[in-house]
Each structure stands twice: as structure tokens, then as C-alpha cells.
Number of protein chains: 4
Amino acid sequence: MVRPKSSEKRRALLDAATAAIVAHGLGATTAGIAQGAGVATGSFFTYFSSKTDLLNQLYLELKAEVAASSMDGVPQGAPLREQAYHVWQNWMAFAVAFPEKRRALTHLVLSEEITPETRAAAQEMAHDMLHFMTRLRDHGSLRDAPPAFADSVINALTEVTMDAMIREPQHAAQLCELGFKAYWRAIS
Amino acid sequence: MVRPKSSEKRRALLDAATAAIVAHGLGATTAGIAQGAGVATGSFFTYFSSKTDLLNQLYLELKAEVAASSMDGVPQGAPLREQAYHVWQNWMAFAVAFPEKRRALTHLVLSEEITPETRAAAQEMAHDMLHFMTRLRDHGSLRDAPPAFADSVINALTEVTMDAMIREPQHAAQLCELGFKAYWRAIS
Amino acid sequence: MVRPKSSEKRRALLDAATAAIVAHGLGATTAGIAQGAGVATGSFFTYFSSKTDLLNQLYLELKAEVAASSMDGVPQGAPLREQAYHVWQNWMAFAVAFPEKRRALTHLVLSEEITPETRAAAQEMAHDMLHFMTRLRDHGSLRDAPPAFADSVINALTEVTMDAMIREPQHAAQLCELGFKAYWRAIS
Amino acid sequence: MVRPKSSEKRRALLDAATAAIVAHGLGATTAGIAQGAGVATGSFFTYFSSKTDLLNQLYLELKAEVAASSMDGVPQGAPLREQAYHVWQNWMAFAVAFPEKRRALTHLVLSEEITPETRAAAQEMAHDMLHFMTRLRDHGSLRDAPPAFADSVINALTEVTMDAMIREPQHAAQLCELGFKAYWRAIS
DNA sequence: TATGAATGAGGTTTCATTCAT
DNA sequence: AATGAATGAAACCTCATTCAT
């Protein structure tokens, strides 16, 4: 009948929001985001009911994207270390390919505007990854640590390596390697 | 030297800002901070030239505080691992004693309002700690990694352990121990 | 004549506008009215050139409806009081049957959006009723009052009685009677 | 110490709001009202927490003012009709002196923004007037009518006469007289 | 110096109206 | 003709900063 709500514009808005958050933090303005997406200020609100809504949806999307890409092509039968290395490389590839998405997520994670419901939904979407993490944890010396602790150790080393790879792209390969080794030692 | 001996109100404002940032992120209002400090809104600006100024000074203060407390009473002659464990415990003690300060710092680190100059000055104030870190790094398998990478690995594991200890105070002692071991393995 | 035979949608929009004005005052939105009428937002503007236009047309319609129904079946030859009572009952019946229309009119009458032209046209449509009013007025003690004053005295008592009947339907008959008596005394 | 919240400005805002409502209905803008009062847009909100708040306070004020002025100097011992005429004249004097206040009230009364609490408070403030009304009602043929009906009959005739007096100031005295007579007949 | 009212730019959101389909 | 997404001008309200007292 008429122009349907173009998912292209939704995408553009989400992408523009990512860029705006990287540039201006969570203070990024709805007008700025709309402009970045090439739409009118009012159109922001035909795709998202409020700025908070956009923030929550973006958070969810980014989390889902990270989770999905991380489990891509993991060799199921292989030794655990090899599987872990594969996941690690997936993470690093994502980080290098979409540095902005990671930066934006860093802000979103800290925001009081992200609801507990959204956070829970994000957990849910990362189901496979979390399952893999559990196996990893149960295999090493963090076996007896509180699960959340082991998870965040893993996560922290990942983040740190990603940051370093983005900061010094010329050493990316070496950092990927070094990072994984430190990571494997830490959780072994 | 540097700061004029800060009046009581300056202190109150800095403390109130810490609390406000934890509660509302960097969107905390100057009026709210002033109220939290028990002073008039206008007085904020007799102690800080702008909100950005307050943010920068707070960042500097918190960084300095962390650095100073971390090197407190380190047994200079002892084996490196023992010294490292001492530093580790200092960190954990600080984190447990002042969880708000850490939370506030997390926000400040991400802010575009913190100038490069401020960040450089913070580095400067952490001189001793950085020197110790260098020794630590050069001793293990991160010897050949870019210095910034090693530092952030160390930092990340520290942060993660602090978080866990604050989240689950009943396991604080165990987590402190487990965290240090993972950390030591990672950088060895 | 005048209006082209109004389509079903025009009717629906007018009715939905009546309901929306009762619910939200003149701030009722065009989109809301369209939704209430079961048509698309854009369709509003194929039937009315603007919101102001709709408001004016609705005003005219409601005024006309009141006027028409009031003169329905008046016994021409009967004594004046009897005729007046008949009119009075017509009014009351209308008010009880369509309370929303009266409420909406209350808002419209006050609106700056209703043009003098529209108001004049409404007068015109109420020709018969006004004529009857004139006879009534000239018969009693308001004979020498400015015509507009007498009219509004009559109108005010009518309105007030309608309101009361709607507010307390269980006393409708008594109120209709009492109201008419007060009214007749006032203009006698 | 400092500039106290000047009640002069509050007054100016309330008065400007009255004028703005007469001119533009309840759609009058906060910026417009502020400008009319000669203050900055932001200052509106140091005196009223929201537009709705202003509307409610204005409603209350105007109602109180009407009520107070109406009972001014009523000859307590005199015959009821004489007392009633005195009240009547007070009303008319108020209406002629402050036509804008009446017009604004007409809008406010219809607004969905005026809370039941505010309406109740207004009733409370009009205590003396309501008591007098009760006596009046109990004296005539509306004795057995629902109280709200009698009140609104009285109110309606008052309003109508006020309107006429404002519309045709040259006949003010005659209209005041005629109106009272119609009124007295209606409630007798 | 301390106070808090005053200021007005700017942020989020609404909504009458237009226009692509 | 019908649809509803697109538009952008306001509207309401917030807040860093200034300034009268």
C-alpha cells in the first residue's frame, strides 16, 4: 500500500547512534543521530518510542552480534584449547572489523537507562556462548570460583586484547597470540 | 606545589560528585552535586570553573588516590611475587573500602571531557606504581608485548577481581586469592 | 445545495472528533481522531482541509442539529407556554440522547479557531428557533432587554438543566419540570 | 541573603497567563506567558513546576478571588433579597473590572488538567459564598431541587448577565438590574 | 565569599500536514 | 481515494552558568 516502515532506516538510525555514542557518549542527541542517519528529527520516533528505547535496542543488538559472531564455525570435536582459540579469534576479528560497536557497547553497559529486562534478554541471546564459557571454566583452576567471576576474567582479557589490537593494528597478530596465551594461562 | 590547600567545601563537592556520578552517570547535574555537598548551586563555581573542570580534577584525584594507596608499605627487598601480592592486596583493600570511587572512575575514564593533559598528569602521579608495573612486566612472558598491553592486562584482572569482591563480599578473601593467582599466571 | 452528500468516512471523522474533544479537549490530535474513525491519518485531510476546518464544520453541524431538533413537532396553534414547553422538552431529549455532542460544543464555542463566518452561519441555520425565541422574549419582561441578553438567559437555563439531567438521570423528569418552571419565571 | 523568589514575578506570570489564555486558549505557551510576564522562559519553572501546575494555581486563585469579592460588605441583617442584590452587584462589579479573569476561568473550568484536588480546594475557599447560596436556594421554589442544580441556575444567570454587561457596557446598569430580576424570579 | 534566583540555549518529544506508494 | 511513514516547526522542560544581593 504505502511505504512500509523501512528497515533500512531503522538500521541507519542504529548505526548513526553507534557512531554518535562513540563521538559524544550517551549525551548524543536524538537530533544528531537522526541527522547522522539522514532522516528528519521526527522520524527517530517512528522507529523508536524514545531515546531510552533506542539505547536498549542498540544494546541488545550489539550484544547479540558479538555473541553470534563469537561462536561462528567453532570446531565442535576439537580439543578444548583449540576451540577456545577459535572463539578468541572470532572475537578479535569482530573487534577489528567493528571497533565502533565495541566502544559504543562500553558506554551502554554503564548506562542506567538499560533496563534489567534488556540485560536479561541479552544474556538469553548469548546462550551458546555462555554454555561454552561454562565448559571452559569448569576445566581449569577457576572451577571453584563463582561463575560470574570466571566469566568476567575471561571477558576482561578479551576486551583488553581487543583494545590493544585496535590501538596498535600493526601488532595485531602478535597481540592476538599473546593475549590468548595470557588468557589461557589465567584460566588454566 | 599544586593545589592550594583545599577548603572543606571543595572536598564536599568532590565527594558529592563521586556519589552523584555513581547514581546518575556523567549526566549528574551541578545543582545536584552542590546540594549533595550541602552548598549553594552558585558555590560550585567558586571552587570549579566549570563542570568539566570538576570532572577533570576528580579524575586526577581518584587516580592519584588509587596509585598512592597501591604502593603503601610494599616490602622493597622481598621477592617480586610477594611484592606483587602486597600491591594486589592494597588494591583490593581500596576497592572494598571505597567502592564508589571505583565506580565513578569507570565513568570518568570514558568521558570525552577528560582532557589529554589530565590523563597525562594522572600517569605522572602514578609514577611509582608504573615503575613497579614495568618491573613486573619485564619479568614474565609479556616482556616483549607493547607496554600498554601488559599494563592493561594487569589492570583488567585487578578491576575484575575488585568487582567480584564488592559483588560478593562473603567470598572476598577467596576471590582475592583466586584473582591474584589468575593474574600471576597471566603475566608469568 | 451545500455539502456534497457526505461519505461514510466524513461522518465517522466528525463523530470521532466529537468523542475525542470530549475526552481530550481541543488538543485532540488529528491522528487520534482518524484512528477513532477507523481511517488513516492522511485521510483526515482528504475530508477536511485542516484541523481548523474540521472544527468549524463540526461546530456548524452540532449547532444545526440542536436547532433542528428543538423545533421538531412544535404545536403551532397552541398557547405560547405550551409551545415553549415543547421546545424545552425537545432540547432535553436531545441532551439526554447525545450528551457528547453537547460537551463537544461547549469546547468549540470557546475556541478561537471557530471563525466569525462560521458563527454567523450557525445563527442562520437556527433561523426558526431564533424566530421562536424572539416571540418568547417579546412576550415577557425581557421585552426591553437587548435581544442577545434575552437569548443567552434562555440558553443558559437550558444548558444548566441539560447538565443536571445528564448528571442525575434518575431525577431527569423532575429536573426537566423544575428547570422549565424556573425558565418560564425568568423570562415572564 | 540573595534575591528571594519575588512574589512580584509570580504575580506577573499569573497575570500574563490569564491574558495568554484569553488570547490563545489553553494552548497558550509557557514561553509566551514568560515573555508576557517579562521574565526568561526558564524562570517560568522556578515559580511553577510545570504548565499544569500553573494552570491549577491560577484556577484556584481566580476562584478564590471571585468568591472573596462576592461576599464583600454584604449587609448581614438585611432582608434576603437585599443581601442577594448586594452579592449580585459584587459579582457584576468584579466581572466589569476584570473581564479577562472571567474569560480565563471559563477555559480553565473545562480543562482536563485541573485536578479534582484543585477543584475541591476551590470549593473549600468559596465556603462563605456557598453557605449564602444554600440559604438562597432553601428560600424559594428550588428548595426541593438537587443542590447542584440550584447552584448552577444561579451561576448561569450570573454569568450570562456578566457577559452581557461586558459586551454592552453602555447598558451595564440596565442589564445589571434586568439580570437580577430574572434571577430573582427564577429562584423565587 | 555565599546564596539561589535568573537566564536562555538546547534537548526530547509531539503533532499538523505532506507525499511516496 | 487510501494509506501511514516522513517531515520539521514548535512545545515543554532542564541545566550549566551568571549575577544581584
Side-chain angles (χ1 to χ4, degrees), chain A residues 1-10 24 27-35 37-54, chain B residues 7 9 24 27-35 37-55 113, chain C residues 7 9-10 24 27-35 37-55, chain D residues 1-10 24 27-35 37-54:
Chain A
M1 293 274 140
V2 301
R3 272 175 292 197
K5 236 194 276 197
S6 93
S7 61
E8 216 176 84
K9 259 168 202 158
R10 202 189 103 95
H24 307 109
T29 67
T30 56
I33 292 169
Q35 183 169 37
V39 303
T41 50
S43 295
F44 183 105
F45 296 92
T46 66
Y47 289 92
F48 303 96
S49 65
S50 66
K51 186 181 173 184
T52 297
D53 181 31
L54 174 281
Chain B
S7 93
K9 287 187 182 168
H24 306 111
T29 66
T30 56
I33 293 169
Q35 182 169 37
V39 303
T41 46
S43 296
F44 183 105
F45 295 90
T46 67
Y47 291 92
F48 303 96
S49 65
S50 69
K51 186 181 173 183
T52 298
D53 181 30
L54 174 279
L55 257 21
E113 313 230 44
Chain C
S7 92
K9 287 187 182 166
R10 202 189 100 93
H24 307 110
T29 66
T30 56
I33 292 168
Q35 182 169 38
V39 304
T41 45
S43 295
F44 184 105
F45 295 90
T46 69
Y47 290 92
F48 303 95
S49 66
S50 68
K51 186 181 174 184
T52 298
D53 181 31
L54 173 280
L55 257 22
Chain D
M1 291 273 141
V2 299
R3 271 175 294 196
K5 236 191 278 198
S6 94
S7 61
E8 216 175 84
K9 261 169 202 158
R10 201 188 103 95
H24 308 108
T29 66
T30 57
I33 293 169
Q35 183 169 37
V39 304
T41 50
S43 295
F44 183 105
F45 297 92
T46 65
Y47 289 92
F48 303 97
S49 65
S50 66
K51 187 182 172 184
T52 297
D53 182 31
L54 174 279

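Convention: sequence-line order gives letters A, B, ...; per-chain numbering from 1. Excluded from the calculations below are hydrogen atoms, water molecules and symmetry mates; all remaining heavy atoms, backbone and side chain alike, are included.
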Between C:Gly32 and B:Ser43, name the one whose nearest nucleotide on DNA chain E is closer to the 5' end.
B:Ser43
Quick one: pull up OH in C:Tyr47 and CG in C:Leu54 and give me the separation to the nearest 0.5 Å.
13.0 Å
Nearest-Å distance for atom pair CG/P, residues C:Asp53 and E:dA16:
14 Å
Within this structure, what is the CG-to-P distance between C:Leu55 and E:dT17, rounded to whole angstrom?
11 Å
How long is the straight-line distance from NZ of A:Lys51 back to CD1 of A:Ile33, given to the nearest 0.5 Å?
6.5 Å
Could you tell me whether C:Tyr47 contacts a base, only the sugar-phosphate backbone, or nothing, with contacts defined as non-hydrogen atoms closer than 4.0 Å?
sugar-phosphate
Which atom pair, heavy atoms only, marks the closest approach of B:Phe48 to B:Asp53?
CA-OD2, 3.5 Å
Nearest-angstrom distance from the residue atom CD of A:Gln35 to P of F:dA6
17 Å
Hey, which sits more toward the 5' end of DNA chain E by its nearest nucleotide, C:Gly42 or A:Thr52?
A:Thr52
Working to the nearest 0.5 angstrom, can you tell me the gap between C:Phe44 CZ and C:Ser50 OG?
7.5 Å
Could you tell me how far apart A:Ile33 (CD1) and E:dG11 (P) are, to the nearest whole angstrom?
12 Å
Are there runs of at least three consecutive Watson-Crick or G-U pairs touching DNA chain F, with each pair's two distances under 3.5 angstrom? Give them by first number.
E:2-21 with F:2-21
Starting at the 5' end of DNA chain F and moving along, which residue's nearest nucleotide shows up first, D:Gly27 or B:Thr30?
D:Gly27
Pick base, sugar-phosphate or nothing for D:Ala28, based on heavy-atom distances below 4.0 Å to the nucleic acid.
sugar-phosphate
For the pair made of CZ in C:Arg10 and C1' in F:dA2, what is the distance, rounded to whole Å?
18 Å
Gap between atoms CZ and P, on D:Phe48 and F:dT14 respectively (whole Å):
15 Å
Which whole-number value in Å describes the distance from B:Lys9 NZ to E:dG4 P?
10 Å
State, to 0.1 Å, how close C:Ala40 and C:Ala34 come at their nearest heavy-atom pair, and which atoms those are.
O-CB, 3.7 Å
Reckon B:Thr29 touches a base, only the sugar-phosphate, or nothing at all at heavy-atom distances under 4.0 Å?
sugar-phosphate
DNA chain F nearest-nucleotide lookup for D:Phe45 and A:Thr41: closer to the 5′ end is A:Thr41
Quick one: pull up CD in B:Glu113 and OG1 in B:Thr52 and give me the separation to the nearest 0.5 Å.
4.0 Å
From C:Lys9 NZ over to C:Thr46 OG1, what is the distance, rounded to the nearest 0.5 angstrom?
8.0 Å
Using whole Å, what does the distance between atom P of nucleotide F:dT17 and atom CG of B:Leu54 come to?
10 Å
